[in-house]
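Notes follow once the structure below has been shown.
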Amino acid sequence: MTTEPSPAKSMDAIMALCKRRGIIYQASEIYGGINGFWDYGPLGAQLKKNLRDAWWEDMILRPCWGRSGPNGRPVRCVPLESRIIQHPKVWQASGHVGGFNDPMVDCKETKNRYRYDHVSVFVPASGDPGDKPLFAFMKDAPSETKQQKKAEKAFGQVKVVPLTTIPVPQFAKVLGPDAEKVGTLTEPRQFNLMFKTYIGATATEDDVAYLRPETAQGIFVQFKNVVDTTRVKVPFGIGNTGTSFRNEVTPRNFTFRSREFEQAELEFFCHPDESFEWYKFWRDFRMEWWKSLGLAGENLILREHEKDELSHYSVGTSDVEYRFPFTAPGFGELEGIAHRGCFDLTQHQTHSGDKLEYFDQDRGEPLPNGSRKGERYIPHCIEPAAGLDRGVLALLCEAYTRDESRASPEFLKLHPRLAPVKAAVFPLVNKDGMPEVAEKLHAELSARFWRQGAVEMDEKQSIGKRYARMDEAGTPYCLTIDGETLTNLTVTLRDRDTGAQQRIALDKAGDFIAGKLVS
RNA sequence: GCGGGCGUAGCUCAGUGGUAGAGCGCUACCUUGCCAAGGUAGAAGUCGAGGGUUCAAGUCCCUUCGCCCGCUCCA
């Protein structure tokens with residue numbers, strides 16, 4: 001059985017609203033824009049901050065809303081702020097340099113991509129190949145024997161040379177490893193998925209550094225310092241939010257695949273024997289967390305990776321995925337929850353030479369004095385890694401609503417906790433003492449809620465336009481001062497999603513809003 | 001990276017070689033007593049950028065940048 005998915009939302013309409021209301025702008029727009037970069041306008045910057053704060057509150061300050069982990073104890077997490085630029089060796093240890101900094105050749109026929117320096121070629125043992133092709137292959141791959149047979153048939157005696165020794169113009173004569181036709185290999189291209197930069201004003205090749213492609217490595221690199229200086233005990237987590245950079249081949253889909261983006265990552269360290277329990281715990285909590293912010297419903301799924309999808313070191317990974325208008329009926333990743341085993345700490349231990357083991361004094365055989373002998377191990381790590389920009393985009397897509405039956409057909413159903421504007425105060429008409437009362441209420445509410453977002457005051461134009469403006473900005477509540485307010489100290493409170501109004505006491509307005517700002 | 005579409009005011013768009021337009025929004029004033037009401041006035045675009053053809057280019061040609069879509073890629 002399939003339920004009818006929610007009516008398709010137009011990405012164009014969402015993007016237009018984002019521009020119109022100052023949520024998201026194209027970066028460097030007056031210079032023609034820059035591919036893969038987006039700025040946040042006033043409303044967007046506050047919306048994103050509210051999401052980041054929600055993550056910080058629910059993951060660091062009071063992890064998992066105060067509930068206990070699988071060990072029956074409160075979950076403990078501490079924050080970290082690691083740098084965008086790390087020692088270049090960090091990225092060698094993590095595998096980011098080795099695997100993806102090499103020139104690649106593409107096969108235009110088979111769409112396969114090969115590492116340039118891994119491709120070999122069968123050529124005649126002596127002499128010129130004439131008009132016969134050169135047979136490229138990958139060592140220890142099916143292409144090796146297949147191509148060898150063809151080469152021997154063509155040339156008799158053959159020898160092997162690396163593709164790197166073949167001049168690029170000669171590629172026209174090369175038969176790709178898995179191709180049927182010759183000349184399908186592209187010239188070698190560098191795929192630098194990491195942004196390169198130079199440290200120091202002289203900027204020679206010796207000074208190369210990279211902008212981080214993920215915040216996670218900064219956490220692993222400081223793991224030992226955190227353990228040594230903060231009295232944390234495994235199991236515990238270290239969280240870090242911040243900007244990362246990836247030279248995506250194809251930035252696409254609004255902010256979804258940007259080259260500069262913000263992550264909110266937690267690395268949760270635990271004993272290997274408990275790691276699977278913690279993995280399941282985090283996977284389920286993260287899903288619940290996104291739901292609490294308004295991504296409930298069939299547009300949000302938790303997808304467990306298949307075995308062949310897993311990284312070589314991972315024993316389990318799940319993605320929280322959202323059905324964006326541009327991925328529908330498919331889904332796009334919002335957050336990955338990965339069981340990374342002890343891969344990262346082990347890598348950094350090897351590359352740095354520093355011991356990154358943890359000495360666990362709660363484990364090991366009991367001693368006569370009541371304590372334990374202790375156990376030394378490299379903790380396993382569970383990594384819930386969320387994309388904040390993708391989160392904002394998903395929340396906007398989910399919140400965007402069109403209802404032609406309303407006077408204000410287009411509005412954002414943002415959760416009050418995330419809404420950049422928490423409330424607005426209107427004098428019903430701009431006279432008869434109403435503006436004065438409105439200004440007083442506005443000042444009170446601003447003083448109370450400025451940490452969470454703006455409280456706006458608007459006395460311009462008709463009341464309907466003012467409601468509509470607030471609907472578009474996703475403001476959950478509007479408070480209107482009318483003639484009755486002046487006599488009995490009540491105001492009308494209008495709900496963004498239903499348009500329904502109720503009268504509440506003027507001095508209870510703040511408490512009402514405060515009650516709605518928690519998840 | 002390949003292929004297709006698009007780019008004119010804040011937004012949506014009209015304008016097929018001859019004086020840059022409309023609707024909405026925005027600003028000011030008036031009006032207005034609960035859902036984008038009405039009136040008056042106003043601001044706002046070197047038509048994505050660069051080059052070319054032409055007496056004349058938003059319009060035709062070339063280049064380039066950006067956005068969207070489909071493949072490809074996504075450690």
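Keep in mind that what you see is a predicted model, and the values were worked out from it rather than measured. In what follows, chains are A, B, ... by sequence order, proteins preceding strands, each numbered from 1.
Across all strands, A:E472 comes closer than 4.0 Å to base atoms (heavy-atom distances). Here A:M434 lies in heavy-atom contact (under 4.0 Å) with a base. Using a 4.0 Å heavy-atom distance criterion, A:Y31 is classed as making no nucleic acid contact. Heavy atoms of A:N430 sit under 4.0 angstrom from at least one base atom. Heavy atoms of A:F426 sit nowhere under 4.0 angstrom from any nucleic acid atom. Among the atoms of the strands shown, none is found under 4.0 Å from any heavy atom of A:R466. Contacts of A:Q461 with the nucleic acid, taken as non-hydrogen atoms under 4.0 Å apart, involve only primed sugar atoms and P, OP1 or OP2.
For B:rC69 and B:rA49, the P atoms lie 24 Å apart once the distance is rounded to whole Å. Using P as the reference atom, B:rG66 and B:rG48 are 16 Å apart when rounded to the nearest Å.
The side chain of A:A16 has B:rU12 as its nearest neighbour among B:rU12, B:rC67, B:rA37. Residue A:M194 has its side chain nearest to B:rA75 when only B:rA75, B:rG33, B:rC11 are considered. Picking from B:rA75, B:rC11, B:rG33 the nucleotide with the shortest atom distance to the side chain of A:V429 gives B:rG33.
In the region residues 494-508 of chain A, proximity to RNA chain B at under 4.0 angstrom, judged on heavy atoms, holds for A:R494, A:G499, A:Q501.
Applying the Watson-Crick and G-U wobble criteria (two distances, each under 3.5 Å), B:rC13 pairs with B:rG21. Across the strands present, B:rA49 finds its partner in B:rU63; the criterion is a Watson-Crick or G-U wobble pair with both atom distances under 3.5 angstrom.
Here the side chain of A:Q147 pairs a donor or acceptor atom with the backbone of A:A136 at under 3.5 angstrom.
Of the side-chain N and O atoms in A:K460, one or more sit less than 4.0 angstrom from OP1 or OP2 of B:rC29. Contact annotation: A:N35 reaches the phosphate of B:rC67 (side-chain N/O to OP1 or OP2, under 4.0 Å).
Annotation: A:F411 is not in aromatic contact with A:Y400 [ring centroid separation under 6.0 Å not met].
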| note | Once base and sugar-phosphate atoms are separated, protein heavy atoms under 4.0 Å mark nucleotides 42-50 of chain B, 5' to 3', with B, S and - as ---------
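Positionally, the nearest nucleotide of RNA chain B for A:L428 lies more toward the 5' end than for the other of A:K465 and A:L428.
For the pair A:R390 and A:F261, the cation does not sit on the ring face, since its NZ or CZ is not both under 6.0 Å from the ring centre and inside 45° of the axis.
If you check distances only, the side chain of A:S408 never reaches the base of B:rC35 with a donor-acceptor pair under 3.5 Å.
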